[in-house]
J.: 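Please read through the structure below; I'll follow up with questions.
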Protein chains: 2
Amino acid sequence: MSENLVAVDKAATILKLLGDKTRLMMVKLLENNTCCVCEFVEIFQTSQPAISQHLRKLRDIGVVMEERKGQWIFYSLNKNYDHYSLVEQILQQVPNQEHKLKELEENGTRISCC
Amino acid sequence: MSENLVAVDKAATILKLLGDKTRLMMVKLLENNTCCVCEFVEIFQTSQPAISQHLRKLRDIGVVMEERKGQWIFYSLNKNYDHYSLVEQILQQVPNQEHKLKELEENGTRISCC
DNA sequence: TGCATATATAAGCAAATCATTATATACTAA
DNA sequence: TTAGTATATAATGATTTGCTTATATATGCA
């Protein structure tokens with residue numbers, strides 16, 4: 001079947017991580033976009049530390065990457081992630097969240113530097 | 001893309017449920033087999049209530065089904081589950097656990113009634 | 001240099017999770 | 001009916017999780 005079989009432990013860890021609504025939406029948004037922390041704060045209407053903590057978890061296992069640009073740190077999906085295919089398959093079954101970014105643009109709170 | 005898009009909340013719930021090593025292995029085993037509670041107890045070397053509680057969670061959201069046969073209750077994957085395709089995609093990326101059943105057979109602890 | 005902004009980290013707490021032990025229920029067989 | 005086996009449920013406790021508030025760090029700009 002697939003050549004990229006993920007050990008059960010590893011798979012369970014990834015699924016648990018994605019098994020949180022906020023993180024799942026984050027990752028779905030990052031599938032087609034690069035977002036900074038403050039955008040997530042705006043989208044999820046939660047505190048900045050809460051967002052940072054979610055991102056750290058995603059970063060720790062390697063699903064997302066960060067890149068600093070000036071004051072901002074932009075996050076993106078790490079498509080070279082060992083188990084990216086698992087993430088990809090899952091995301092294919094989750095509805096697009098682009099409207100969340102649309103709302104930011106209408107607010108004028110979308111960061112579009114660089 | 002897929003017609004079976006799962007609402008984000010629902011998807012997160014499913015992923016969280018599968019984000020546990022024991023449950024993920026259970027579901028993987030049930031992909032191609034029907035197993036009873038006592039087999040899982042043997043396989044996972046844990047208490048019977050612990051197994052029952054995992055199975056209840058899986059049953060509550062509809063991923064697995066139960067069927068009583070005499071004293072035993074056999075569990076199987078519910079392939080008519082609303083969001084079976086998500087489960088299926090995930091399982092495709094998880095290695096087969098058939099060796100666990102092989103061990104039971106060698107032990108003589110595999111239930112093969114009916 | 002000093003202040004503002006963006007982000008990360010630390011500490012603390014409430015809620016959720018997962019195991020355990022004890023008990024109840026359902027079925028089988030004597 | 002009684003004893004034994006398989007399973008479910010309840011109650012409890014330790015651990016984990018995800019938030020909050022407070023603070024630290026990094027950058028940009030006056």
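Letters go in sequence order (proteins before strands), and every chain restarts at 1.
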J.: So, is A:T46 near the phosphate of D:dT20, with a side-chain N or O under 4.0 Å from OP1 or OP2?
T.: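 For A:T46, the contact criterion (side-chain N or O under 4.0 Å from OP1 or OP2 of D:dT20) is met.
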J.: Contact between A:L101 and A:I43 at the side-chain level, heavy atoms closer than 4.5 Å - yes or no?
T.: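 Yes - at least one pair of side-chain heavy atoms lies under 4.5 Å apart.
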J.: Rounding to an integer number of Å, can you tell me how far A:L15 CG sits from C:dT17 P?
T.: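 Taking CG of A:L15 and P of C:dT17, I get 16 Å after rounding.
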J.: Just the rounded figure in Å: distance from P of D:dA26 to CZ of A:R68.
T.: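 Taking CZ of A:R68 and P of D:dA26, I get 8 Å after rounding.
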J.: What protein N or O atoms touch nucleotides 2-4 of chain C N or O atoms at under 3.5 angstrom, if any, and at what distances?
T.:
none

J.: Identify whether the distance between the nearest side-chain nitrogen and carboxylate oxygen of A:E31 and A:K28 falls below 4.0 Å.
T.: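 Judged by the 4.0 Å cut-off on N to carboxylate O distance, A:E31 and A:K28 do form a salt bridge.
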J.: Just the rounded figure in Å: distance from C1' of D:dT25 to CD of A:Q48.
T.: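 Answer to the nearest Å: 12 Å.
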J.: Taking the nucleotide of DNA chain D with the closest heavy atom to each, which residue, B:Y75 or A:I51, is nearer the 5' end?
T.: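 Closest to the 5' end, via its nearest nucleotide, is B:Y75.
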J.: Respond yes when some side-chain nitrogen or oxygen of B:S52 is under 4.0 Å from OP1 or OP2 of D:dT7, and no when none is.
T.: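 For D:dT7, neither OP1 nor OP2 has a side-chain N or O of B:S52 closer than 4.0 Å.
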J.: Does a side-chain N or O from A:S47 land closer than 4.0 Å to OP1 or OP2 of D:dC19, or not?
T.: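 No, A:S47 has no side-chain N/O under 4.0 Å of OP1/OP2 on D:dC19.
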J.: Above 12 or not: heavy atoms from other molecules or residues under 6.0 Å from NZ of A:K21?
T.: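 No, because the 6.0 Å sphere around NZ of A:K21 holds 12 heavy atoms or fewer from other groups.
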J.: Nearest 0.5 Å, what's the CG-CZ distance between B:L104 and B:F40?
T.: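 One finds 10.0 Å between CG of B:L104 and CZ of B:F40.
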J.: Please report, rounded to the nearest Å, how far the C1' atom of D:dG18 is from the CG atom of A:D60.
T.: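 To the nearest whole Å, that distance equals 15 Å.
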J.: Starting at atom CG of A:L58, determine the distance to atom P of D:dT17, rounded to an integer number of angstrom.
T.: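 That distance rounds to 13 Å.
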J.: At under 4.0 Å between heavy atoms, what does A:K57 touch on the DNA or RNA strands: base, sugar-phosphate, or nothing?
T.: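 Contact class for A:K57: sugar-phosphate only.
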J.: Could you tell me whether the phosphate oxygens of D:dT17, OP1 or OP2, come under 4.0 Å of any side-chain nitrogen or oxygen in A:H54?
T.: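 False: A:H54 side-chain N/O out of range (4.0 Å or more) of D:dT17 OP1/OP2.
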J.: Whole Å only: how far is the CD atom of A:E39 from the C1' atom of C:dT5?
T.: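 Nearest whole value for this atom pair: 15 Å.
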J.: Could you check if a side-chain atom of A:M65 sits within less than 4.5 angstrom of a side-chain atom of A:Y81, using non-hydrogen atoms only?
T.: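 Side chain of A:M65 against side chain of A:Y81, heavy atoms only: no contact under 4.5 Å found.
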J.: Would you say the side chains of A:S85 and B:Q93 form a donor-acceptor pair under 3.5 Å?
T.: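 A:S85 vs B:Q93: donor-acceptor pair found between side chains.
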J.: Would you mind telling me which of C:dT21, C:dT7, D:dG18 lies closest to the side-chain atoms of A:R23?
T.: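 Nearest listed nucleotide: D:dG18.
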J.: Calculate the interatomic distance between B:K16 atom NZ and D:dT17 atom C1'; express it in whole Å.
T.: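 B:K16 atom NZ is separated from D:dT17 atom C1' by 9 Å.
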J.: Can you check the B:E66 CD to D:dT7 P distance for me, whole Å?
T.: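 To the nearest whole Å, that distance equals 11 Å.
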J.: Got a donor-acceptor pair under 3.5 Å from the side chain of A:Q53 to the base of D:dT20?
T.: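 When only heavy-atom distances are counted, A:Q53 does reach the base of D:dT20 through a donor-acceptor pair under 3.5 Å.
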J.: Quick one: which of D:dG18, C:dT21, C:dT7 gets closest to the side chain of B:P49?
T.: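 So the side chain of B:P49 is nearest to C:dT21.
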J.: With a 4.5 Å heavy-atom cut-off, do B:V94 and B:L24 have their side chains touching?
T.: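 The answer is yes, as the side chains (C-beta and beyond) meet within the 4.5 Å cut-off.
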J.: If only side-chain N and O atoms of A:R56 are considered, is one of them under 4.0 Å from the OP1 or OP2 phosphate oxygen of C:dA8?
T.: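 Checking C:dA8 against A:R56, no side-chain N or O comes under 4.0 Å of OP1 or OP2.
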J.: I need the A:E105 CD to A:K100 NZ distance, nearest 0.5 Å.
T.: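 Answer for the CD-NZ pair, A:E105 versus A:K100, is 14.0 Å.
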